[in-house]
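Here is the structure we will look at, set down as structure tokens.
All heavy atoms count here, side chains included; hydrogens, waters and symmetry mates do not. Values in this document were obtained by computation on a predicted structure and should not be read as measured data.
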Amino acid sequence: MIEVLSNPYFYLAVIPAILIAGISKGGFAGGLGVISVPMIALVLPADMAAAIMLPILCLMDIFGVFAYRNQWNVDLLKILIPASFLGIIIGMLSFQHLHEANIRLITGLIAVIFSGIYFKNRFNLIKISKTSKAPIMVKMPKYISGGFWGGVAGFTSFIAHAGGPPVGVFLLQQKLDKTIFQATTVFFFTFVNFVKLIPYSMMGQFNGDILWISLILLPLAPIGIIIGIKLHHRVSPSLFYLICYSLLFFTGIKLIFDWLQYIL
């Protein structure tokens, strides 16, 4: 497999994929990073693409944690992290029985529906009469909502590197300061990605060629992260959330498209 390094199409797919993942992870909650594996899968099998990306994501996480150190919301992480660990275990146990495409469909639908509600409210696509009664909103306690979405994020991250949309659904509802939101996401996925190294190794996902390719591509990781961090501090909070919801929406569309390609 190492001969792939002499294929120019490999670099045309891999370099943009890693930079997009880094920019998204460093500045915009990692939502668009979900397209990195499908992009690399244009030139390599999907399981190899996922294995190559995981060490690179871990290096990005180290840079991200340093950049946003001590700015995360500890209370929310106490809810999300234990749940994600359970989700990772379920993902590992069910890995052989679930197809990645079906997980992408479910994750994509979650992302599209949630972001669609946001855009409907933001741009007033549906006018509510002043005389009509306001709808009753049932808000679940944080530990229930966070536990559910944290578990889903751990599960989908393990199966398809698609944990961004589920955890985004929970954190976006908290209406955090943009940097606290970003830092919390960075810390969460640092935990998830480093934990995933253990079962990936146990399942034989890493070999000498894959680790060698990851090592060659590692210098791209800090470049993408640094660009993302700089962009994060240049945008206003309202624009930041608009970008995050937009990334969530288009990520969902991409995941649904992946599923359609599979069934067709």
Side-chain angles (χ1 to χ4, degrees), residues 1-68 84 88 91 100 104 153-154 156-165 167 182 185-232 247 251 254-255 258:
M1 192 187 77
I2 202 70
E3 59 270 11
V4 74
L5 294 174
S6 62
N7 182 357
Y9 293 107
F10 171 76
Y11 297 98
L12 288 175
V14 169
I15 292 175
I18 295 175
L19 291 177
I20 289 171
I23 293 169
S24 182
K25 182 181 281 288
F28 302 100
L32 199 59
V34 74
I35 73 170
S36 59
V37 170
M39 286 180 69
I40 298 175
L42 293 173
V43 293
L44 287 176
D47 59 337
M48 293 181 181
I52 288 169
M53 275 302 299
L54 186 53
I56 297 171
L57 292 174
C58 288
L59 180 61
M60 290 179 180
D61 290 329
I62 292 172
F63 277 88
V65 165
F66 179 79
Y68 294 103
S84 72
I88 291 170
E100 177 184 332
R104 287 181 175 271
T156 57
S157 179
F158 184 88
I159 297 293
H161 282 343
V167 79
Q182 175 67 23
T185 304
V186 165
F187 191 98
F188 174 78
F189 281 108
T190 299
F191 172 84
V192 169
N193 286 330
F194 273 89
V195 169
K196 281 160 55 179
L197 288 172
I198 300 171
Y200 266 57
S201 299
M202 293 171 57
M203 295 166 60
Q205 293 292 95
F206 299 127
N207 59 42
D209 285 349
I210 285 176
L211 293 176
W212 178 244
I213 293 174
S214 294
L215 181 63
I216 291 173
L217 298 173
L218 277 181
L220 294 170
I223 296 174
I225 283 284
I226 290 169
I227 295 172
I229 292 170
K230 289 185 178 296
L231 290 175
H232 172 85
L247 292 178
T251 296
K254 176 63 176 68
L255 292 171
D258 290 344

Distance-only check: which donor-acceptor pairs under 3.5 Å involve side-chain atoms of residues 7-23, not counting sequence neighbours?
unit_1: N7; atom_1: OD1; unit_2: Y9; atom_2: N; d: 3.0
unit_1: Y11; atom_1: OH; unit_2: L5; atom_2: O; d: 2.6

Contacts of D61 that satisfy salt bridge (charged side-chain N to carboxylate O under 4.0 Å, His left out) - sequence neighbours left out: K25

Y68 side chain to G26 backbone, donor-acceptor under 3.5 Å: yes

Set of side chain to side chain donor-acceptor pair (under 3.5 Å) partners for S157, sequence neighbours left out: K196

Closest approach of [X] and [Y], non-hydrogen atoms and distance?
X	Y	result
V186	T190	O-OG1, 2.7 Å
G64	I225	N-CG2, 4.5 Å
Y200	F158	OH-O, 3.3 Å
L197	C58	CD1-SG, 3.9 Å
P165	L255	CG-CD1, 4.4 Å
P222	L59	CD-CD2, 4.3 Å

Can you tell me how far the [atom1] atom of [X] sits from the [atom2] atom of [Y], to the nearest 0.5 Å?
X	Y	atom1	atom2	result
I213	I56	CD1	CD1	9.5 Å
N193	I62	CG	CD1	10.5 Å
M60	S24	CE	OG	9.5 Å
I52	L54	CD1	CG	11.5 Å
I226	L231	CD1	CG	12.0 Å

Less than 4.5 Å apart, any side-chain heavy atom of [X] and any of [Y]?
X	Y	value
V4	L44	yes
I229	F63	no
S214	F206	no

